[in-house]
Amino acid sequence: MALVGRPNVGKSTLLNAALGHPLAIVSPTPQTTRDAILGVVHHGPAEIALLDTPGLHRPRTELGRVMNQAAREAARGADVIVFVTEAPDPARLPRRVKEDEDGPPLAPHPSDLTLLADLGSEAPVVFVLNKVDRMRDKALLLPLLDAFAKLREFAAIVPISALREDGVQRVLDEVAKLCPEGDWGFAPDELTDRPTRFFAAEYVREQILRATKAEVPHASAVQIERYVEPTGEGALHIDATIHVERPGQKKILIGAGAEQLKRIGTEARLRIEELVGRQVNLKLWVRVTPEWRESRERLDELGYNKGETS
């Protein structure tokens, strides 16, 4: 089941809410998700494999094109598509809407129209309007939902707030009805098919996204150089390199007295320890790799052309 939509509409937050675990990284930065990430939910008799995908966008780099390709491939191979969009930001609403004056109702985002047209009709689509908690007067959303309902036939239309975990169970109820019959492919306690080292890299990148602004988040990638699991009760040892494109970005990441890099490492280590349930020894280095986002060779080395992080 593929979660599809524009960047920053809350697909990863929805995945985490469905899992009851913060598996996927989230941040306010657009295009946080770079890889398709599988999360497994056992919902009653149904096993729901939710595939979180990168937000479809107009790519400006080779990395962006690879991300779009990953999202489209996930949608093409899905038994069910969960199309996620967001309620409008009240701060950006026209004054007439805020003051309940007559005029044209809220309309779908132009990019949503394009994405829905590209989905095809092979798989059923569950439409999810996320972030409805933004709107105090939910009645303002009814014309918007009606406009989407006229675009195509949806298996269900579900307004939710993934951040508040409101409506998420109904999404799972609707998806479960559409699951094909078959044996479970995962154990009841399995959350994903990704290795822990993938999430180690992701959790470092998550802290970069949260700690830095401007061009640094998009220009950074994390590569696991060493990953040694202990045989007994000892610590997990991870060495990781953070790739950036310019010396100025490296300076920002390291910070005065290396304090920025230390904070990133500490927060990432805590996230990894929560996932693996043991102590983690995490070491970080920063390397300037010019124009890595435009190089197919570099993207291969970093795992973005393979659907997994090295």
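Numbers here simply count residues along the sequence, with the first being 1.
No hydrogens or angles considered: a donor-acceptor pair under 3.5 Å links the side chains of Thr85 and Arg6. Defined by atom type and a distance below 3.5 Å, a donor-acceptor pair is present between the side-chain atoms of Arg263 and Gln260.
The side-chain heavy atoms of Leu145 and Pro159, taken from C-beta on, include a pair separated by under 4.5 Å. Side-chain contact between Thr192 and Phe199 is present, with at least one heavy-atom pair separated by less than 4.5 Å. Between Asp79 and Pro124 the shortest side-chain heavy-atom distance does not fall below 4.5 Å. Under the 4.5 Å side-chain criterion, counting only non-hydrogen atoms from C-beta, Ile242 is in contact with Leu261. No side-chain heavy atom of Glu291 sits less than 4.5 Å from a side-chain heavy atom of Arg298. For the pair Thr32/Val26, no side-chain contact is recorded, criterion being any heavy-atom separation below 4.5 Å from C-beta on.
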Next on the checklist: Is there a side-chain contact (heavy atoms from CB on, under 4.5 Å) between Lys250 and Val286? Walk through the geometry before answering.
Outcome noted: CA-CA 6 Å; Lys250 177 178 180 178; Val286 184; 3.5 Å; yes

Checklist entry - What's the verdict on side-chain contact (heavy atoms from CB on, under 4.5 Å) for Leu163 and Lys131, showing C-alpha distance, side-chain angles and the deciding distance? => result CA-CA 8 Å; Leu163 186 63; Lys131 305 183 186 181; over 6 Å; no

Item to check | Gln69 and Arg72: CA distance, side-chain angles, deciding distance, side-chain contact (heavy atoms from CB on, under 4.5 Å) verdict | outcome: CA-CA 5 Å; Gln69 181 182 358; Arg72 290 194 172 98; 5.9 Å; no

Next on the checklist: With salt bridge (charged side-chain N to carboxylate O under 4.0 Å, His left out) as the criterion, how do Arg210 and Glu267 come out once you've worked through the C-alpha distance, each side chain's angles and the decisive distance to 0.1 Å?
Outcome noted: CA-CA 10 Å; Arg210 295 183 175 185; Glu267 295 300 321; over 6 Å; no

Item to check | Glu225 and Arg197: CA distance, side-chain angles, deciding distance, salt bridge (charged side-chain N to carboxylate O under 4.0 Å, His left out) verdict | outcome: CA-CA 10 Å; Glu225 306 284 1; Arg197 62 183 294 147; over 6 Å; no

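Ion pairing of Glu202 with Arg194 is absent here, as no side-chain N (NZ or NE/NH1/NH2) approaches a carboxylate O to less than 4.0 Å.
Not one N or O on the side chain of Asp35 forms a donor-acceptor pair closer than 3.5 Å with the backbone of Tyr304. Although no hydrogens or angles enter the test, the distance criterion places no donor-acceptor pair under 3.5 Å between the side chain of Gln31 and the main chain of His218. Here the side chain of Ser295 pairs no donor or acceptor atom with the backbone of Trp292 at under 3.5 angstrom. With hydrogens and angles ignored, the 3.5 Å screen pairs a side-chain donor or acceptor of Arg134 with a backbone N or O of Ala87. Asn16 places a side-chain N or O within 3.5 Å of a backbone atom of Leu23 that can act as its donor or acceptor partner.
The distance from atom NE2 of His57 to atom OG of Ser111, rounded to the nearest 0.5 Å, is 11.5 Å.
Applying the salt bridge (charged side-chain N to carboxylate O under 4.0 Å, His left out) definition to pairs two or more places apart or across chains, those involving residues 141-158 are Asp146-Lys150. Residue pairs meeting the salt bridge (charged side-chain N to carboxylate O under 4.0 Å, His left out) criterion with at least one partner in residues 157-172, sequence neighbours excluded, are Asp133-Arg164, Arg170-Glu174.
Using cut-offs of 30° and 60° for the angle between ring planes, the Phe127 and Phe83 rings count as parallel.
Leu275 and Leu270 are members of different hydrophobic clusters when ILVMFWY side chains are connected at heavy-atom separations under 4.5 Å.
When the side-chain hydrogen bond (donor to acceptor under 3.5 Å, both in side chains) test is applied to Asp173, the partners found at least two apart in sequence or on another chain are His43.
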